Amino acid sequence: MQHAPREFEAETLAADDPRFVAALDLQIAQMRRVLTLMAPSSGAEALRAMREAFPDAAFGERALAVAGMRE
C-alpha cells in the first residue's frame with residue numbers, strides 16, 4: 001500500500017477535466033457499493049447513509065448514487 005507524502009496537497013479539477021469525470025464516477029461507484037452492502041429500506045434512509053459516509057460529497061452526487069440503486 002502506498003502512502004501519500006506528508007506535504008500532500010489535493011488539486012482542484014475543473015468540471016471539464018477528464019480526471020474530474022473519472023473521479024466523480026469512482027465516488028458514485030463507491031457510494032453504490034456502500035448502498036448495496038447496507039441495503040437501505042427507503043430512499044430517505046439511503047440518502048442519510050450517504051450523507052454520513054460521504055459528508056464532503058455534494059447532494060447531487062449522493063442523489064445520483066441512490067437513484068442508480070433504485071432503477
Side-chain angles (χ1 to χ4, degrees):
M1 179 181 208
Q2 296 181 0
H3 296 282
R6 289 197 182 272
E7 286 115 33
F8 174 81
E9 290 184 31
E11 74 178 276
T12 302
L13 299 174
D16 61 348
D17 187 319
R19 296 175 299 163
F20 175 83
V21 175
L24 182 59
D25 288 345
L26 176 62
Q27 184 166 20
I28 291 172
Q30 291 169 336
M31 290 178 185
R32 288 181 177 161
R33 177 72 176 141
V34 169
L35 289 171
T36 299
L37 293 171
M38 65 176 287
S41 60
S42 69
E45 182 183 354
L47 282 172
R48 190 171 26 259
M50 291 295 89
R51 185 178 60 237
E52 290 173 9
F54 300 92
D56 295 332
F59 174 78
E61 294 171 25
R62 295 190 307 258
L64 279 173
V66 171
M69 296 305 296
R70 307 295 249 157
E71 295 174 342

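Since this is a predicted model, take the numbers as computed values, not measurements.
Atom CZ of R33 and atom CE of M38 lie 13.5 Å apart (nearest 0.5 Å). The structure places CG of L24 at 12.0 Å from CG of D17, a figure rounded to the nearest 0.5 Å.
When atom types are taken as modelled, the side chain of E61 and the backbone of A57 share no donor-acceptor pair closer than 3.5 angstrom. Between the R32 side chain and the L64 main chain, a donor and an acceptor come within less than 3.5 Å of each other.
Hydrophobic clustering, with ILVMFWY side chains joined whenever heavy atoms are under 4.5 angstrom apart, groups M31 together with F59.
In this structure, V34 and M50 approach most closely via the heavy-atom pair CG1-CE, 3.6 Å. Closest of all the heavy-atom pairs between P55 and E52 is CD-O, 3.7 Å. For L35 against A46, the heavy-atom pair with the smallest separation is CD2-CB, 3.6 Å.
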Intermediate values then yes/no, side chain to side chain contact (heavy atoms under 4.5 Å, CB included), L26 and Q30: CA-CA 6 Å; L26 176 62; Q30 291 169 336; 4.0 Å; yes
